[in-house]
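Notes for the one structure printed next.
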2 protein chains.
Amino acid sequence: MKKVDIFKKLRSSGLRPTKQRVEIAKFLFDRDTTFHFTIDSLENHLTKKTTCKFALATIYNTVHAFKKAGHLSEVDVRGKKTYFDTNITNHHHFYDNETSELIDIDASEVVIQKIPKAPNGKKIKNVEVFINLKN
Amino acid sequence: MKKVDIFKKLRSSGLRPTKQRVEIAKFLFDRDTTFHFTIDSLENHLTKKTTCKFALATIYNTVHAFKKAGHLSEVDVRGKKTYFDTNITNHHHFYDNETSELIDIDASEVVIQKIPKAPNGKKIKNVEVFINLKN
DNA sequence: TTTCAGTTTATAATAATTCTAAAGTAAAAA
DNA sequence: TTTTTACTTTAGAATTATTATAAACTGAAA
Ligand SMILES: [Mn+2]
Ligand SMILES: [Mn+2]
Ligand SMILES: [Zn+2]
Ligand SMILES: [Zn+2]
């Protein structure tokens with residue numbers, strides 16, 4: 001992903017490309033594979049691997065703007081912290097409770113044969129399969 | 001469920017049957033169908049519908065003891081609050097984001113035909129299906 | 001009774017997240 | 001280019017859910 005795409009991510013999220021936001025976007029999107037992160041892990045990376053300074057609020061705001069724009073998704077993990085995902089395709093997860101690690105499962109790897117119909121007046125928005133792991 | 005069963009729930013959770021705990025156990029278990037709750041909703045009920053006084057810590061402690069004893073399970077819902085479930089069978093959920101309501105799906109209503117194998121050295125502990133609803 | 005382990009409670013501490021308002025900066029207008 | 005405007009960053013405060021603490025209380029057993 002080139003710098004022009006980073007700028008597109010930012011612009012399409014309604015964000016001016018400031019140096020903080022460019023660093024965040026580069027870390028999140030300028031890579032070959034998607035990944036999962038928390039605000040905490042993101043902040044750790046940014047403070048260690050970049051020269052610029054980041055207020056926590058800036059990180060929260062930027063991540064939420066990306067999420068609202070559909071460039072990030074949120075994964076529901078038991079526990080206190082919110083997990084974000086740069087994989088915005090419809091997919092599922094393994095969760096390793098020992099290591100607190102999320103592992104992607106491509107949607108094609110899960111086939112559901114039978115599912116109940118939605119309650120009256122409601123529709124199914126999406127189906128999330130979450131597979132807990134043990135040793 | 002009779003009072004003797006309430007006492008069993010308490011004793012099997014390592015809890016003496018105090019008046020607070022009996023009220024909590026009665027509300028959670030003395031009913032025909034299972035349900036989902038948060039600490040907050042539980043507290044609201046207890047303060048409104050009973051005469052006795054409840055410190056928040058007592059509610060947290062009692063609920064956690066029930067969970068540890070296997071009388072309650074926890075459901076992963078996006079958002080800040082922890083949801084508990086008096087349905088401790090293996091089952092799945094609809095989640096209505098509009099109303100923040102969880103609806104049970106019996107395990108038999110979901111049939112999964114294909115699932116990836118667990119990563120090396122890991123085993124599958126359980127599979128949770130979470131169906132988000134929309135209007 | 002007295003004792004003692006277990007319990008409740010008010011309050012403080014913690015942790016993730018959100019809010020605020022002042023100071024700074026990028027982009028638009030002149 | 002300068003001025004103006006709107007957006008941004010920031011430190012710190014506020015909020016919210018949860019957990020910890022330690023003193024007062026209770027109830028069964030010695
Ligand atoms: Mn969660
Ligand atoms: Mn959750
Ligand atoms: Zn993922
Ligand atoms: Zn349930």
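Naming: A, B, ... by sequence-line order, numbering from 1 per chain. When reading the values below, keep in mind they use all heavy atoms of this one structure, side chains included, and skip hydrogens, waters and symmetry mates.
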Euclidean distance, atom [atom1] of residue [X] to atom [atom2] of [N] [Å, nearest integer]:
X: Asp40(A); N: dA15(C); atom1: CG; atom2: P; answer: 11 Å
X: Asp76(B); N: dA17(D); atom1: CG; atom2: C1'; answer: 15 Å
X: Gln20(B); N: dG6(C); atom1: CD; atom2: P; answer: 18 Å
X: Lys80(B); N: dT18(C); atom1: NZ; atom2: C1'; answer: 7 Å
X: Leu15(A); N: dA26(C); atom1: CG; atom2: P; answer: 15 Å
X: Leu42(B); N: dA17(D); atom1: CG; atom2: C1'; answer: 15 Å
X: Lys19(A); N: dC7(D); atom1: NZ; atom2: C1'; answer: 14 Å
X: Arg16(A); N: dT5(D); atom1: CZ; atom2: P; answer: 14 Å

Discussion item. Using a 4.0 Å heavy-atom cut-off, does Arg11(A) contact any base of the nucleic acid, only the sugar-phosphate backbone, or nothing at all?
Written reply: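 If one applies the 4.0 Å heavy-atom cut-off, Arg11(A) turns out to touch the sugar-phosphate alone, with no base involved.
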Worksheet item: Which heavy-atom pair separates Ala118(B) from Phe94(A) by the least distance, and what is that distance?
Response: CA-CZ, 4.0 Å
Worksheet, complete the sentence: Ranking Tyr83(B) and Gly14(A) by the position along DNA chain D of their nearest nucleotide, the one closer to 5' is Gly14(A)
Worksheet item: Of all residues at least two apart in sequence or in a different chain, which pass the salt bridge (charged side-chain N to carboxylate O under 4.0 Å, His left out) check with Glu23(A)?
Response: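 Salt bridge (charged side-chain N to carboxylate O under 4.0 Å, His left out) check on Glu23(A) returns Lys26(A).
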Item to complete: May I ask you to evaluate whether Arg21(A) reaches the phosphate of dT9(D), defined as a side-chain N or O under 4.0 Å from OP1 or OP2?
Response: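 It does, given that an N or O in the side chain of Arg21(A) lies less than 4.0 Å from OP1 or OP2 of dT9(D).
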Worksheet item: Hey, does the side chain of Thr18(B) come within less than 4.0 Å of dG27(D)'s phosphate (OP1/OP2), counting only N and O?
Response: no
Worksheet item: Is any side-chain heavy atom of Val129(A) less than 4.5 Å from a side-chain heavy atom of Phe130(B)?
Response: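 No, every pair of side-chain atoms sits at 4.5 Å or beyond.
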Response to the item:
Given the options Lys122(B), Lys125(B), Lys123(B), Asp96(A) meets salt bridge (charged side-chain N to carboxylate O under 4.0 Å, His left out) only with Lys122(B)
Worksheet item: Would you call the rings of His93(B) and His91(B) parallel, tilted or perpendicular if under 30° counts as parallel and over 60° as perpendicular?
Response: perpendicular
Discussion item. Is the ring pair His71(A)/Phe29(A) parallel, tilted or perpendicular, if the boundaries are 30 and 60 degrees?
Written reply: perpendicular
Fill in: Residue-level proximity of residues 51-68 of chain B to DNA chain C when a heavy atom falls under 4.0 Å
Lys53(B), Phe54(B), Ala55(B), Ala57(B), Thr58(B)
Discussion item. Suppose we call two aromatic rings close when their centres sit under 6.0 Å apart. Are Phe27(A) and Phe35(A) close by that rule?
Written reply: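 Between Phe35(A) and Phe27(A), which both carry aromatic rings, the centre distance is below 6.0 Å.
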